[in-house]
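To start, the structure under review is shown below, and the notes come after it.
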Amino acid sequence: MIYIALPGIQQRKLSFYLAMEEYVARHLNTGDDCFFMWQVQPSVIFGRNQVIEAEVNLDYCREHGIRTFRRKSGGGCVYADMSNVMFSYITRDEQVNFTFNRYISLVALMLCKLGIDARTSGRNDILIDGRKVSGNAFYHIPGHSIVHGTMLFDTCMQHMVGAITPSDEKLVSKGVKSVRQHIALLKDYTGLTLDEFKAFVRSNLCNDELSLSADDIAAIEEIEQEYLSPSFIFGNNPAYSTIRRRRIEGVGELEARLQVKGNCIKDINLVGDFFLVGDLDGQLLKPLRGVQLDAPSLAAALPERLDEVVLNLTRQAFIDLILNHKP
């Protein structure tokens, strides 16, 4: 695996590193998997399909100078600062499920080499002593898959709790009473400093290096502008007449937003912390527009394999959500 190095020590916004992942995937023909690590000033990053107002305490973030960013992968909302480290992995493998599982297993094995009993769990987590030390997300672009995630070496707990507002249902579903009970910090399990840990990660995962040029960085900064645009960060969330919300095991929190007239679906959107593996609008939402709001009509309109669009989602579970039926 090739480590992608940034020259200099300039501090970058979180959006730069998201753009850097895209640039590496789209423009660097390395012939091998790529990896890099990054750290940012206090920031919140939320998933592609999440509604920012539902996930982020915007007043707290403004008060404490915490930046907010949207990423193009699914999954939930996370807080990052200079006391933890973020990982980015880019591969030519287009089988996103296989790639995702292979990557988190690779990271867990790396932690085990430090004598830490790290294990993969659920959709996207790495756990130590049953507590989350790393959460990860992925998305696909033509020819490549991108996986990125947190590694909690240390962090400001006050900001993590204050900046992110997960639902009570999510916390209860994980059997925890507080965010602190749910997470593990690597500093409690190793004698390494953060810089020593980063050096260990790099030497264990990578055997070569590519340093970006000034032209590469300029191109990344151009891509970054999309991530900084208010329309991308805040999205377009028009009012809907009917909202169905549910947590589905193995899938995540889903919220179906519908405009219904005469028992017919005029418009529909799906938000939440789920992982996309296909075309949400083209394969899942578009076929439902103009369809009667009943189980037979929904079943006839939907594709058989919804897990080829949303990770682990079944057709019956989605129909139950839309109709507000108990599973």
Side-chain angles (χ1 to χ4, degrees), residues 1-50 52 65-75 77-82 84-94 96 99-100 103 107 134-151 194-195 198-199 201-202 205-235 276:
M1 186 149 41
I2 298 174
Y3 190 85
I4 306 300
L6 268 173
I9 56 174
Q10 180 180 348
Q11 281 285 322
R12 300 279 184 173
K13 293 189 289 287
L14 189 149
S15 50
F16 177 87
Y17 300 104
L18 298 179
M20 182 172 160
E21 294 171 341
E22 273 202 57
Y23 180 79
V24 171
R26 296 183 188 278
H27 301 289
L28 292 188
N29 298 313
T30 62
D32 198 356
D33 292 349
C34 296
F35 176 83
F36 62 93
M37 293 175 283
W38 41 285
Q39 292 166 272
V40 290
Q41 294 297 326
S43 303
V44 168
I45 177 173
F46 54 101
R48 169 180 176 173
N49 304 297
Q50 291 189 298
I52 184 172
I66 300 171
R67 298 289 301 269
T68 55
F69 301 90
R70 186 186 295 276
R71 61 181 186 268
K72 293 184 178 179
S73 59
C77 186
V78 298
Y79 168 80
D81 58 28
M82 292 298 292
N84 64 15
V85 61
M86 311 292 281
F87 291 173
S88 292
Y89 170 70
I90 303 99
T91 177
R92 288 183 177 275
D93 195 329
E94 295 193 68
V96 286
T99 297
F100 192 49
Y103 168 75
V107 174
S134 174
N136 300 274
F138 66 90
Y139 71 106
H140 171 258
I141 64 173
H144 288 83
S145 295
I146 295 171
V147 184
H148 44 208
T150 60
M151 182 57 67
L194 178 53
D195 285 341
K198 288 165 59 181
V201 171
R202 183 166 171 173
L205 296 185
C206 302
N207 53 16
D208 204 352
E209 178 184 305
L210 188 156
S211 185
L212 296 179
S213 67
D215 288 342
D216 293 327
I217 292 172
I220 293 168
E221 290 171 340
E222 186 173 341
I223 296 172
E224 183 185 12
Q225 297 312 302
E226 178 188 359
Y227 289 94
L228 293 173
S229 68
S231 61
F232 181 79
I233 295 172
F234 293 96
L276 275 181

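The residues of the chain are indexed from 1 along the displayed sequence. Only a predicted model underlies this, so the values are computations on that prediction, with no experimental measurement involved.
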Could you state the interatomic distance from [atom1] ([X]) to [atom2] ([Y]), rounded to the nearest 0.5 Å?
X: I223; Y: E21; atom1: CD1; atom2: CD; value: 11.0 Å
X: Y227; Y: L14; atom1: OH; atom2: CG; value: 10.0 Å
X: I90; Y: T30; atom1: CD1; atom2: OG1; value: 9.0 Å
X: S145; Y: H140; atom1: OG; atom2: NE2; value: 5.0 Å
X: I233; Y: R67; atom1: CD1; atom2: CZ; value: 7.0 Å
X: R48; Y: L276; atom1: CZ; atom2: CG; value: 5.0 Å

Are the charged groups of R70 and E226 less than 4.0 angstrom apart, N to O?
no

Cationic N near anionic O, under 4.0 Å, E22 to K72
yes

What is the minimum heavy-atom distance between [X] and [Y], and which atoms define it?
X: I217; Y: R12; result: CG2-NH2, 3.3 Å
X: Y79; Y: V44; result: CD1-CG2, 4.2 Å
X: H148; Y: S73; result: NE2-OG, 2.6 Å
X: N136; Y: S134; result: ND2-OG, 3.2 Å
X: D32; Y: M1; result: OD2-N, 3.4 Å
X: Q39; Y: M82; result: NE2-O, 2.8 Å

Tell me if a side-chain donor or acceptor on E224 pairs with a main-chain N or O of F16 at a distance below 3.5 Å.
yes

Heavy-atom side-chain proximity of [X] to [Y] below 4.5 angstrom:
X: M86; Y: T150; answer: yes
X: L18; Y: I45; answer: yes
X: C77; Y: Q50; answer: yes
X: T99; Y: Y89; answer: yes
X: F35; Y: R202; answer: no

Give a yes or no on whether E222 atom CD has more than 12 heavy-atom contacts from other residues, nucleotides or ligands under 6.0 Å away.
no

I2 vs L28, side chain to side chain contact (heavy atoms under 4.5 Å, CB included): CA-CA, chis, key distance, verdict:
CA-CA 11 Å; I2 298 174; L28 292 188; over 6 Å; no

Evaluate K13 against L228 for side chain to side chain contact (heavy atoms under 4.5 Å, CB included), listing each step before the verdict.
CA-CA 10 Å; K13 293 189 289 287; L228 293 173; 3.9 Å; yes

Is the Y17 ring parallel, tilted or perpendicular to the W38 ring (thresholds 30°, 60°)?
parallel

Candidate pair Y103 and F138, rule side chain to side chain contact (heavy atoms under 4.5 Å, CB included), full reasoning:
CA-CA 10 Å; Y103 168 75; F138 66 90; over 6 Å; no

Run the numbers on V147 and F87 for side chain to side chain contact (heavy atoms under 4.5 Å, CB included), then give the verdict.
CA-CA 8 Å; V147 184; F87 291 173; over 6 Å; no

